[in-house]
Amino acid sequence: MARKSESLKDEILIQALEKAHTSRAKLFYQKVHSKNIDKLQTNLKAIDSSSLNWDYEDLNISEEAIDKITALKLSTHEIFCHPDILISDPDLIDYYRNIAALSQKGLSQILSGRGLTSKEKPLAVSKVINGILSQVIVSEKSFSEQSPDKVLFAELGSEIQGTWVNIIGSGAAKQVEELIVDFARQKKLIKSLQKVSIDAGGTKRKQRVVKLINNWEIVFASEPDVAIRDAKGSLQVAIEIKGSMDKAGAQTRYGEAKKSFGKALSENPRCETIYLASCFTQAVLDQIKQDGQVRKVYNLIDILQNEVKKNDFFEELFRYQIRVNY
């Protein structure tokens, strides 16, 4: 019986993995098409660069780099960024940024704190990108006319992978949030539902707050992903959600959840701590048992795909933890 149960769990995990990787493939195709790389390259080749003033020193382009791309019979504007090009076609910033293997976040970090005006930004962006490209072109012996295109798609893939990782992380929490809200709405347990603006480390963001008919509140945020407070504002339930199915990172993800549970228990030692994860290894289960911080463990895949398991979770959450009748 145990083997059959274990086999069923493996099958559920395999099905979930197949769905997840199908979604990942779709995301890659969608993002690549949305970037319109072919159109950007067509627009780029149509530019008459001879009409532009290429002050190499002002644009942070080295003479050695210019000599090298000239020897390769590449046009200056196909490699190096000019502020006038960015002004006439702002979409081309993605092309230049990607051939420099510079992420959007990386560029923003480099430019942050400079207090640039909208007129100053195109030149500042050009200098950053050109400086990186100049050093790479001069130092990279294998740099060829094909190199920019290869790096462009490599960097684009890296960005899409980053998007996918964020979806896996925040997407699972969002799915659970929607399930909880839908269940509460279906059972007519909601008194009010609003989004509250909070300051999270200097950044303003909104968190969803559901007030129930017994005046308890369910807050969807982070650390924990779901915080449930009674009518007096005392933290009664803390839920952490980890959607990744990568076995290699299971212990790291539990370590992150453990920190959040530690904060919750320091606020209220009697708080119910619930861990929802898509992937449990035996090492993680042993550590959970040893730590004693997690009161209840649920398989996230079961809750998302199995109606019986989902209802069991809601029964525990609403009837026995929140103690609301429905």
Side-chain angles (χ1 to χ4, degrees), residues 168-201 203-243 253-254 256-278 280 285 288-289 291-326:
I168 286 287
S170 60
K174 192 67 182 173
Q175 280 183 287
V176 173
E177 176 181 335
E178 294 305 323
L179 285 176
I180 291 174
V181 172
D182 286 347
F183 181 85
R185 185 181 285 123
Q186 178 191 342
K187 299 297 181 182
K188 303 188 186 309
L189 302 177
I190 298 177
K191 190 173 184 179
S192 67
L193 195 157
Q194 59 183 325
K195 286 190 175 181
V196 179
S197 182
I198 63 164
D199 188 339
T203 304
K204 292 284 185 183
R205 64 179 180 79
K206 299 217 176 236
Q207 62 182 23
R208 205 174 187 185
V209 179
V210 179
K211 191 165 189 174
L212 301 174
I213 55 175
N214 64 349
N215 289 321
W216 283 45
E217 286 187 341
I218 305 175
V219 182
F220 299 99
S222 60
E223 289 197 7
D225 292 313
V226 184
I228 300 175
R229 298 182 177 276
D230 64 20
K232 295 180 180 179
S234 177
L235 182 64
Q236 296 296 335
V237 183
I239 303 174
E240 275 295 318
I241 303 160
K242 299 296 179 185
R253 292 191 296 276
Y254 169 63
E256 293 168 354
K258 183 180 170 182
K259 288 179 185 177
S260 177
F261 288 140
K263 289 180 183 178
L265 292 169
S266 67
E267 181 177 340
N268 178 13
R270 304 178 84 176
C271 174
E272 186 77 2
T273 50
I274 301 174
Y275 187 40
L276 302 183
S278 296
F280 291 98
L285 292 172
I288 288 173
K289 187 176 180 181
D291 293 337
Q293 284 191 326
V294 180
R295 315 284 196 232
K296 286 184 173 60
V297 171
Y298 287 91
N299 187 299
L300 181 58
I301 298 169
D302 284 345
I303 291 172
L304 294 178
Q305 295 190 350
N306 187 307
E307 284 298 317
V308 174
K309 298 286 185 182
K310 185 197 304 181
N311 290 330
D312 287 346
F313 170 68
F314 286 142
E315 179 85 0
E316 172 65 32
L317 188 64
F318 284 94
R319 197 179 295 279
Y320 298 109
Q321 298 303 326
I322 300 175
R323 297 189 288 278
V324 62
N325 293 321
Y326 58 87

Roughly how far, to the nearest 0.5 Å, is the [atom2] atom of [Y] from the [atom1] atom of [X]?
X      : Y      : atom1 : atom2 : answer
Glu217 : Ser192 : CD    : OG    : 7.0 Å
Ser278 : Arg253 : OG    : CZ    : 8.0 Å
Gln175 : Leu276 : CD    : CG    : 12.0 Å
Leu189 : Phe183 : CG    : CZ    : 7.0 Å
Glu272 : Ile239 : CD    : CD1   : 9.5 Å
Tyr275 : Phe280 : OH    : CZ    : 6.0 Å

On a heavy-atom basis, which atom in [X] and which in [Y] lie closest, and how many Å separate them?
X      : Y      : value
Gln207 : Ala221 : OE1-CB, 3.2 Å
Leu300 : Lys242 : CD2-O, 3.9 Å
Ala172 : Gly243 : CB-CA, 3.5 Å
Phe318 : Ile180 : CZ-CG2, 3.9 Å

Can you name the side chain to side chain donor-acceptor pair (under 3.5 Å) partners of [X], sequence neighbours left out?
X      : value
Gln293 : none
Lys259 : none
Thr273 : none
Lys187 : none

Practice problem: Evaluate side chain to side chain contact (heavy atoms under 4.5 Å, CB included) for Leu317 paired with Val237, printing each intermediate quantity in order. | Solution: CA-CA 9 Å; Leu317 188 64; Val237 183; 4.2 Å; yes

Quiz item: Could you walk me through whether Glu240 and Lys258 pass the salt bridge (Lys or Arg N to Asp or Glu O under 4.0 Å) check?
Solution: CA-CA 9 Å; Glu240 275 295 318; Lys258 183 180 170 182; over 6 Å; no

Practice problem: Please test Tyr254 against Ile288 for side chain to side chain contact (heavy atoms under 4.5 Å, CB included), starting from the C-alpha separation and ending with a verdict. | Solution: CA-CA 8 Å; Tyr254 169 63; Ile288 288 173; 3.4 Å; yes

Self-check item: Phe220 vs Asp225 side-chain heavy atoms within contact, under 4.5 Å
Solution: no

Quiz item: Given side chains that start at C-beta, do those of Phe313 and Asp302 come closer than 4.5 Å, heavy atoms only?
Solution: no

Exercise. Show your reasoning for whether side chain to side chain contact (heavy atoms under 4.5 Å, CB included) applies to Phe314 and Leu179.
Key: CA-CA 9 Å; Phe314 286 142; Leu179 285 176; 3.9 Å; yes

Quiz item: With no hydrogens and no angle check, do the side chains of Asp312 and Tyr298 hold a donor and an acceptor under 3.5 Å apart?
Solution: no

Self-check item: Criterion side chain to side chain contact (heavy atoms under 4.5 Å, CB included) on Ser234 and Asn268, from CA distance to verdict
Solution: CA-CA 8 Å; Ser234 177; Asn268 178 13; 3.9 Å; yes

Exercise. Would you mind listing every salt bridge (Lys or Arg N to Asp or Glu O under 4.0 Å) that reaches into residues 314-326, with sequence neighbours excluded?
Key: Lys296-Glu316, Glu315-Arg319

Quiz item: Would the number of heavy atoms belonging to other residues, nucleotides or ligands and lying under 6.0 Å from NZ of Lys309 be above 12?
Solution: no

Quiz item: Quick one: do Glu307 and Lys310 make a salt bridge, cutoff under 4.0 Å?
Solution: yes

Which pairs would a plain distance check flag for residues 208-215, meaning a side-chain donor or acceptor within less than 3.5 Å of a matching protein atom at least two apart in sequence or in another chain?
{"residue": "Arg208", "atom": "NH1", "partner": "Glu177", "partner atom": "OE2", "Å": "3.0"}
{"residue": "Arg208", "atom": "NH1", "partner": "Glu178", "partner atom": "OE2", "Å": "3.0"}
{"residue": "Asn214", "atom": "OD1", "partner": "Trp216", "partner atom": "N", "Å": "3.2"}
{"residue": "Asn214", "atom": "ND2", "partner": "Ile322", "partner atom": "O", "Å": "3.2"}
{"residue": "Asn215", "atom": "OD1", "partner": "Lys191", "partner atom": "NZ", "Å": "2.8"}

